Amino acid sequence: MADDSQRNFRSVYYEKVGFRGVEEKKSLEILLKDDRLGIIPPHHESHALVMKCRKEQYWDIHHALRVIRFINDSTPQVDVFLHIHQLESGKLPRNLAFPLEPEDEVFLAIAKAMEEMVEDPIECYWLVSCFVNQLNSKHKDSLQQLPKILEQYLNIEDNRLLMHLKACAAMSKLPYDLWFKKCFAGCLPESSLQRVWDKVISGSCKILVFVALEILLTFKMKILALNTAEKITQFLENIPQDNTDAIVSKAVDLWRTHCGTPAHSV
């Protein structure tokens, strides 16, 4: 893996299972043919039937939500996704006026980002729903440890920057929800976000730590010039979007340096 810095992990994975020439733009849509999110089984002969069932399930719940007047023709697509997910998981609120739960905010952030990547709304819904379910099951405990792990790696990479963040009482106030719970949805643009999510879906949520780490290192001088936790957090929640691809590439290099090959990077 040392000489393939320009390729993402799934490109290698798909070649091993028979897919070649995978375009980055289509990587998330190709997950519909991959069992990593559990959307469709790995047996190709079952794909058409299972996807037909997925579509029927989507429209059945969609119809039910219209009947109880939770959605209508003017409901934003991501809100439709949220209510379908809530009904499926038994967490549909009694009233639309109820405030959103934190987990709903996470779902909406991921849905808004996924909507920019996947054209078909039904495929988009299942990708969002299964991705969120994966985060809440497989990675739930790991995600809670990521702030501490970030501090450990920042101490290795740049102790001076860590000391500045601590002096400003900023370490506990970094945008961890945006970075780790929302997996950078709303922080990184689509092209960069796909590469990060690719790693998470492939089994390593620790890539999130290295993206956060590289953001801190990239904007070190700006952060050192800020002297309050509020100003630092505000800046990190709205980082410039012009070099995020380079940030993700460097983050992947750091991930490989510290964690070895992808198979050992969970």
Side-chain angles (χ1 to χ4, degrees), residues 24-25 28 76-79 81-82 99-118 124 128 131-132 135 139 143-144 146-151 153-155 157-158 160-200 205-255:
E24 287 259 344
K25 181 70 176 177
L28 284 164
Q77 190 67 65
V78 292
D79 290 336
F81 292 164
L82 174 62
L100 292 174
E101 297 291 335
E103 63 189 58
D104 298 331
E105 299 281 4
V106 170
F107 186 96
L108 285 174
I110 291 175
K112 288 174 183 177
M114 191 76 79
E115 191 179 32
E116 296 297 316
M117 304 177 193
V118 183
C124 183
V128 175
F131 185 28
V132 169
L135 293 174
H139 297 309
L143 288 172
Q144 296 175 358
L146 298 189
K148 182 178 179 180
I149 296 172
L150 172 60
E151 181 174 339
Y153 283 119
L154 183 57
N155 185 50
E157 293 292 329
D158 197 317
R160 179 191 173 198
L161 180 56
L162 175 60
M163 291 301 102
H164 174 74
L165 290 170
K166 286 187 172 182
C168 296
M171 278 305 297
S172 63
K173 297 180 181 179
L174 296 181
Y176 295 125
D177 283 358
L178 176 64
W179 288 350
F180 301 149
K181 290 187 178 180
K182 297 179 181 178
C183 296
F184 292 94
C187 177
L188 299 176
E190 172 194 328
S191 61
S192 303
L193 198 58
Q194 284 198 49
R195 298 172 62 198
V196 176
W197 286 5
D198 182 87
K199 299 290 185 292
V200 177
C205 69
K206 192 176 282 189
I207 185 63
L208 301 173
V209 168
F210 293 101
V211 176
L213 176 60
E214 187 55 44
I215 287 174
L216 294 174
L217 296 175
T218 297
F219 298 108
K220 171 181 176 178
M221 299 313 296
K222 174 67 176 180
I223 295 170
L224 290 175
L226 301 173
N227 55 12
T228 68
E230 290 72 22
K231 290 179 180 178
I232 291 171
T233 300
Q234 184 178 24
F235 171 75
L236 292 173
E237 288 176 340
N238 300 277
I239 62 170
Q241 303 287 288
D242 54 349
N243 67 337
T244 55
D245 283 344
I247 288 174
V248 172
S249 293
K250 291 177 182 178
V252 171
D253 289 341
L254 282 172
W255 176 64

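Remember, it's a predicted structure, so these values are computed and weren't measured experimentally. Numbers here simply count residues along the sequence, with the first being 1.
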Check your understanding: Do side-chain atoms of D104 reach the backbone of E101 as a donor and acceptor pair under 3.5 angstrom?
Key -> yes

Review point. Under the side chain to side chain contact (heavy atoms under 4.5 Å, CB included) criterion, do R160 and L224 qualify, and how do the steps go?
Key: CA-CA 9 Å; R160 179 191 173 198; L224 290 175; 3.7 Å; yes

Review point. Distance from Q194 atom CD to M114 atom CE, nearest 0.5 Å?
Key: 9.0 Å

Exercise for review: Could you tell me whether a side-chain N or O of T244 sits under 3.5 Å from a main-chain N or O of S192, the two making a donor and an acceptor?
Suggested key: no

Practice item. Return the set of residues passing salt bridge (Lys or Arg N to Asp or Glu O under 4.0 Å) with D158 (not counting sequence neighbours), or none when no residue passes. Key: K220

Practice item. Answer with yes or no whether the side chains of T218 and N243 bring together a donor and an acceptor at under 3.5 Å. Key: no

Check your understanding: Does atom CD of Q234 have more than 12 heavy-atom neighbours from other groups under 6.0 Å away?
Key -> no

Study note, to complete from the structure: Residues pairing under ring-ring contact (aromatic ring centres under 6.0 Å, His included) where one sits in residues 220-242, two or more places apart or in two chains, turn out to be F219-F235

Exercise for review: Without swapping roles, check the side chain of Q241 against the backbone of I239 for a donor-acceptor pair under 3.5 Å.
Suggested key: yes

Point to revise | Within-4.5 Å side-chain heavy-atom neighbours: V106 and I110 | key: yes

Practice item. Could you tell me the separation between the CH2 atom of W197 and the CZ atom of F184, rounded to the nearest 0.5 Å? Key: 12.0 Å

**Study point:** K181 atom NZ, neighbour heavy-atom count above 12 within 6.0 Å
**Key:** no

Check your understanding: Side chains of E214 and F210: does their closest heavy-atom pair fall under 4.5 Å?
Key -> no

Revision key, fill the gap. Contacts of N155 meeting side-chain hydrogen bond (donor to acceptor under 3.5 Å, both in side chains) (sequence neighbours excluded), chain-then-number -> N159

Review point. Is any side-chain heavy atom of W255 less than 4.5 Å from a side-chain heavy atom of V252?
Key: yes

Point to revise | Minimum side-chain heavy-atom gap I215-V211 below 4.5 Å | key: yes

Check your understanding: Which value, rounded to the nearest 0.5 Å, describes the distance between L150 atom CG and L208 atom CG?
Key -> 10.5 Å

Review point. Does the side chain to side chain contact (heavy atoms under 4.5 Å, CB included) test come out yes or no for L193 and M117, once each step is laid out?
Key: CA-CA 10 Å; L193 198 58; M117 304 177 193; 3.6 Å; yes

Study note, to complete from the structure: Between the CG atom in L143 and the SG atom in C205, the distance rounded to the nearest 0.5 Å is 5.0 Å

Exercise for review: May I have the step-by-step check of side chain to side chain contact (heavy atoms under 4.5 Å, CB included) for I247 and L217, ending in yes or no?
Suggested key: CA-CA 9 Å; I247 288 174; L217 296 175; over 6 Å; no

Check your understanding: Do H139 and F180 have side-chain heavy atoms sitting under 4.5 Å apart?
Key -> no

Please tabulate, for side-chain N and O atoms in residues 162-179, each donor-acceptor pair with protein atoms closer than 3.5 Å (sequence neighbours left out).
| from | atom 1 | to | atom 2 | distance (Å) |
| --- | --- | --- | --- | --- |
| H164 | NE2 | I223 | O | 3.0 |
| H164 | NE2 | L226 | O | 2.8 |
| K166 | NZ | E151 | OE2 | 2.9 |
| Y176 | OH | M171 | O | 2.4 |

Check your understanding: Is the shortest heavy-atom distance from the side chain of V78 to the side chain of V128 under 4.5 Å?
Key -> no

**Study point:** Residues forming a side-chain hydrogen bond (donor to acceptor under 3.5 Å, both in side chains) with Q77, sequence neighbours excluded
**Key:** Y58

Check your understanding: Looking at OH of Y153 and CG of L146, how far apart are the two atoms once the value is rounded to the nearest 0.5 Å?
Key -> 10.5 Å

Check your understanding: Roughly how far, to the nearest 0.5 Å, is the CG atom of D198 from the CD1 atom of I207?
Key -> 10.0 Å

Check your understanding: Taking side chain as C-beta onward, heavy atoms only, is T233 less than 4.5 Å from T228?
Key -> no

Revision key, fill the gap. Applying salt bridge (Lys or Arg N to Asp or Glu O under 4.0 Å) to E103 and not counting sequence neighbours gives K91

